[in-house]
Each structure stands twice: as structure tokens, then as C-alpha cells.
Amino acid sequence: MKLTGLPYLIVSNGLLSEDKMKEAVKNAEKEAQPLVDWLVSASWLDSSALSKVQSIAFGSPLFDLNAISVHSLPSDTIDVKLMRKHRVLPLFQRGNRLFVGLTDSTNLKALEEVRFQTGHSVEGLLVESSKLDNLIDKIIEDKENESLSDFDDADLDNIDLDAIDEDEQNDVGGDNSADDAPVVKFVKKMLVDAIRKGASDLHFEPYERKYRVRFRIDGMLHEVASPPIQLANRISARLKVLSGLDISERRVPQDGRVKLKISKTKAIDFRVNTLPTLFGEKIVMRILDPTSAQIGVDALGFEARQKKDFMNAIQKPQGMVLVTGPTGSGKTVTLYTGVNILNEEHINISTAEDPVEINLEGINQVNVNLKAGLTFASALRAFLRQDPDIVLVGEIRDLETAEIGIKAAQTGHLVLSTLHTNSAPETLTRLVNMGVAPFNIATTVNLVVAQRLARRLCEHCKKPADLPKEALLEEGFTEEELSDLTIYDPIGCDKCTMGYKGRVGVFQVMPISEATGRIIMEGGNAIDIADQAEKEGVPNLRRAGLNKVKAGLTSLAEINRITQD
């Protein structure tokens, strides 16, 4: 291999040896990463030194991001999706010329897409990779928080709440039924606080002598309020009115939705379910965040090989990709991240879900309605008469749905779906147990992803943990890993919840190889499949979790909580 361009300049400047550079080029190509990104992520080169070499190589000016204030950036000129996709950031504007920062001067596609989106003449400025990533993360975080960060109790009157009727989309006049001002204000405050704190669910729970409200934050429930028990019925009634539910019906569960209008341009939906309990109705509200499908594949938490296998599988014209894990493990976000990548004008995508949680423009989404006879299987049959390219089935629950999905995958369609199993190998045997022919599984399923969500350690307060070598070996680390291993414990500060802030995915990404397919057809069990996956270098969930601990992303206690040996 003859080195030219940037690799040649890196070697000629003495930053890497020729052999090392050739190895880096091969690794970057193998992992489908830009060379610059691979060198920095692998810590082979410092982003500052690399930027200087690029500046010399391509005659591009090197811009220091420390010289600019994040608040002065014209970040509204480019949408967040484009920033994440190409790691490009608008820096300043001079007339009709927009100057953007990027880490790769040869990324002409990024400049062209910015030019098309903004209508401006675009000029790229070279910036350091680490500084750019930090700045983009800060801007995205500010954008997500700006709608709620300035609210105080006095501002709650400016927020509108409407019910979303599943059939007719009728509005239930916000506060028109509000004859109890304290309850109205309390409910609004709970909804706003939940979004502020990044909660995924709200639980309103009546007991014999107590009423409590809990938020699920980073997968764990926390009590946030305990209003007087005498208000239980009025709080329930208020929530049911907002959700468009029958307030006189307290004997059976009900489902509804609420739209919280924060501003003219921003609204957040809540899915609502009521459940009759001994001392009143428990009401759970799930926050439906449409931005969760637009976080980008890099933000999911895949390791390099896992990302490559996932991207390869969803780019195939036919076959089946299955995601498995318990409720709340992020399966829907993973699938929708893939769908969002594939969502282009020339592709017809249809989904059947129960219910639709994330609304995406350009995708035909169907709510399963069992009472009306609209099941996953019947929706899937209808999709196949709608000239689809990609089909997403919310869950494979029975043999009928599985067989129709298999047939769709065999006839030129890409099928994405979920199952409830504990690991990737068990997913394949579960299909066999449902009655799907082993030959069809072996020849149709391209990839199985098993996943969990681990709480991410707070970067501001985490501290190194002091554990004996024997304990680390018992947990699953190897002797080689212990030489430079630093693991961290959660502490807790004003920027996090009990030492954690956010979550990171832990994945087992298992492509179905010929050898694995042969095991399925020969009647092998999940243990046989798992052994073959290990031979092929596919880490199980436990090993993937330990890799997150090694990287300092989460704690050993958290991985022990979500995985089992």
C-alpha cells in the first residue's frame, strides 16, 4: 500500500510510523470510519496535532473553538440531525456566506448538505475533533433544555394541556374543566418537572393513608411528591379529563393521551394508562419523546464492530433484524434509529405498533387495535399489498405474525421487529419453539440484537473505586485487563441523580453466520448458539457490560444489576 495525501503527511511529520499508518488505514476502512475519527477515537493521535497536519495538507485554515462563545454561534441555521450526522457546526455568518467547523476538510458531502439546507454559500474551517464534539453536545443539550429551563411556578398558566383522542383527535379544552385551581397547578407542575428531570414515566399512586408521585429517571423510580390523600380522587379525575377518558368509569383500565404544549413550536405527548387498585386508580404516564429516534447510531452505545454489524444488517435489501430485551430496555429507540437512517424519499416504510410511541414524518405508522381486529398479523398482511420496502412490526407475539414476517423477509423486504427474550441466542430458539421452521429462521434472520440500558456515571462526581484484584477477576475481567484498569463508583452531586446522569446501551449484536444457521437447522439449543457466537467474537451481554465499565461509562454495581452470568 502506497501512502498519499493525509496519511503520507502524518508519516512524513513523524507522528506515526509507516507500518502503523497502514494499519490505521486498514482499521478505519474495516470499521467504516473516517480515518481522522478512527485515529482520535483509538487514541493513536492527539486531535490537536492531527488538525495541524490536516491544515498543512489541505491548505485549510485552522480555527480555534476556544476563541468563540457557544452563545454567539448561529446554531439555528442547521438542524441538530445534520450536526450529528456530519459533525459539522456553524461558526459565524458574513452576508450570504456561512462558515462552518468540521474535522475533515475532504468531507464535501457535509458542505453540500449544509449548502442545500441553508441556501447559503458555505465555507469549511478546520477545527479540533474533541473541541467540536464537546461544543456540539453542549448546543444539543441546550436546545433540548431551553424550552423548560426558564419555567417557574408562575409560568405554568402559559402551558396548554390537550387530550389526544385516538380516533378523532378532539381537544378537551385544556383548563376549561378546571374547577380546582390547586390540583390543576399541581398536575401541570408534575408534568413540567418530569420533563425537566429527564423522566421517562410518571406514577400517580393512591394508598390507604398516603398518595405519592414517582418519576422514573434513568430507569429507576424516585418519589418526588406526596400530596394529601384527600386529593387522590381529584388528581385522578383531572388526569382523566386531560386524557380524554371517562371519569365516571373506575372499574376497568383505560388508555389515553395528553399533549403538553410548551410553546407554539414545541409539544410533548404523554401516553396515559389507568388501573383500578384497592384504594383508587393508579395512573401511569409515559413521556413520548420524538427526538429519541433522532439521537444517531453513535449515541446508542454500540462498540465499533457492533455498529458495523448493525449498519450492514439494516442496509440489506431483505431479511429480518430482531431486537430483544425486557420492557424499558430501549428496543424501540434502537429500531427507530435504524428506521430513521433508512427514511429517504425513495423508500416506502410501514410500521405496526401497540401503540405508536414515536411519530416520524415520512413513515406510515399504524396503531394496532385488537378490539377492532387490527392485529400485528393483519397489519402485516396489509403492508405486503402496499408495495413496502421496509416493514417494522412492534412485536412478534405469535406464530401467525412470525410466519408472515418471515415470508415478507424472504420476498424482498427488510423486516424489523422485537421479541421478549433474555439474550440473542435465546431469540432464535424462541422462534423455533413458537413453531417457525428452523430452515426459515436460518436463511431469513440477518441479525439479532439483545440489549439493556445501564445508568451512565456522572462525569462531574464519579470517583475511582478501590477493589482487590481477586474481586475483579471474579467479576469477569482478565489478567491482561487489570494492568491498566480503572473502574469508577457513583457519588452524587447537584448535576445528577445518585451519581448517574443519562443511560447508555449495553448490547449483544449477533450476526447469523452460516455456522450458526447450521446449528439452528440441526436442532441446536441456545447454549450451542451462544458457544458459536463466542467463537466468532460476539461478546455476550455480561462481557459487553464489563467493556462499558472499563471505558468509565458506568459502574460495576450497575452492570451487576442489569446482567447475569
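We use all heavy atoms of the structure for the numbers below, so side chains are in, but hydrogens, waters and symmetry mates are not.
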Using a strict cut-off of less than 4.0 Å between a Lys/Arg side-chain nitrogen and an Asp/Glu carboxylate oxygen, indicate whether [X] and [Y] qualify as a salt bridge.
X	Y	answer
K26	E23	no
D298	K307	yes
E481	K469	no
R305	D309	yes
E475	R542	yes

Quick one: are [X] and [Y] in side-chain contact, heavy atoms under 4.5 Å?
X	Y	result
M510	L428	yes
L414	L342	yes
N27	V25	no
M21	Y8	no
L126	L102	no
M220	R561	yes
V100	L125	no
H420	K331	yes

For the pair F302 and F507, name the ring-plane relationship: parallel under 30°, tilted 30 to 60°, perpendicular over 60°.
tilted
Does [X] [atom1] have over 12 foreign heavy atoms under 6.0 Å away?
X	atom1	result
K22	NZ	yes
E514	CD	no
L62	CG	yes
M498	CE	no
N433	CG	yes
E534	CD	no

Polar side-chain atom of [X] near backbone of [Y] as donor-acceptor pair, under 3.5 Å:
X	Y	value
K462	G552	yes
S417	V393	yes
T324	L419	yes
D218	R455	no
T516	I512	no
T563	N560	no

Would you say the side-chain atoms of [X] and [Y] include a donor-acceptor pair closer than 3.5 Å?
X	Y	answer
Q451	T334	yes
N446	N312	no
S423	Q508	no
Y336	E353	yes

Looking at [atom1] of [X] and [atom2] of [Y], how far apart are the two atoms once the value is rounded to the nearest 0.5 Å?
X	Y	atom1	atom2	answer
L91	F99	CG	CZ	9.5 Å
L322	I396	CG	CD1	5.5 Å
L73	L135	CG	CG	5.5 Å

Kindly determine whether Y488 and T554 satisfy side chain to side chain donor-acceptor pair (under 3.5 Å), including the steps that lead there.
CA-CA 7 Å; Y488 295 88; T554 190; over 6 Å; no
